[in-house]
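FYI, the numbering just counts along the sequence from 1.
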Amino acid sequence: MVHVDPTGVMFTRIRKEDKDQSIGKQVPPIGFTELLPEIKVENGDLVLTKHGWNAFFETGLHQELQEKKVT
């Protein structure tokens with residue numbers, strides 16, 4: 001399972017934020033990063049947090065799939 005947490009990653013920031021730290025910052029609502037209760041997470045499930053559009057970028061997903069011999 002992959003869920004999204006868009007906060008705090010450098011590549012999502014805009015240049016203006018370097019001068020004014022308040023520009024472009026939006027805080028997601030409480031519970032935004034939580035998985036829905038309907039999604040039953042069981043022992044052994046792989047749960048990754050992605051910070052952008054791609055579930056492979058900086059998440060470890062590729063490595064996990066290689067270790068499990070998934071092609």
**Student:** Quick one: which residue pairs count as a salt bridge (charged side-chain N to carboxylate O under 4.0 Å, His left out) with a foot in residues 60-71, not counting sequence neighbours?
**Tutor:** Glu64-Lys68

**Student:** Sequence neighbours excluded, which residues qualify as side-chain contact (heavy atoms from CB on, under 4.5 Å) partners of Leu36?
**Tutor:** Glu38, Ile39

**Student:** Is any side-chain heavy atom of Thr33 closer than 4.5 Å to a side-chain heavy atom of Thr49?
**Tutor:** no

**Student:** List the residues meeting side-chain contact (heavy atoms from CB on, under 4.5 Å) with Leu48, not counting sequence neighbours, and say none if there are none.
**Tutor:** Val2, Leu46, Thr59, Leu61

**Student:** Out of curiosity, Lys40 NZ to Asp45 CG, how far, rounded to the nearest 0.5 Å?
**Tutor:** 12.5 Å

**Student:** Would you please name every residue forming a side-chain contact (heavy atoms from CB on, under 4.5 Å) with Phe32, sequence neighbours left out?
**Tutor:** Pro6, Pro28, Pro29

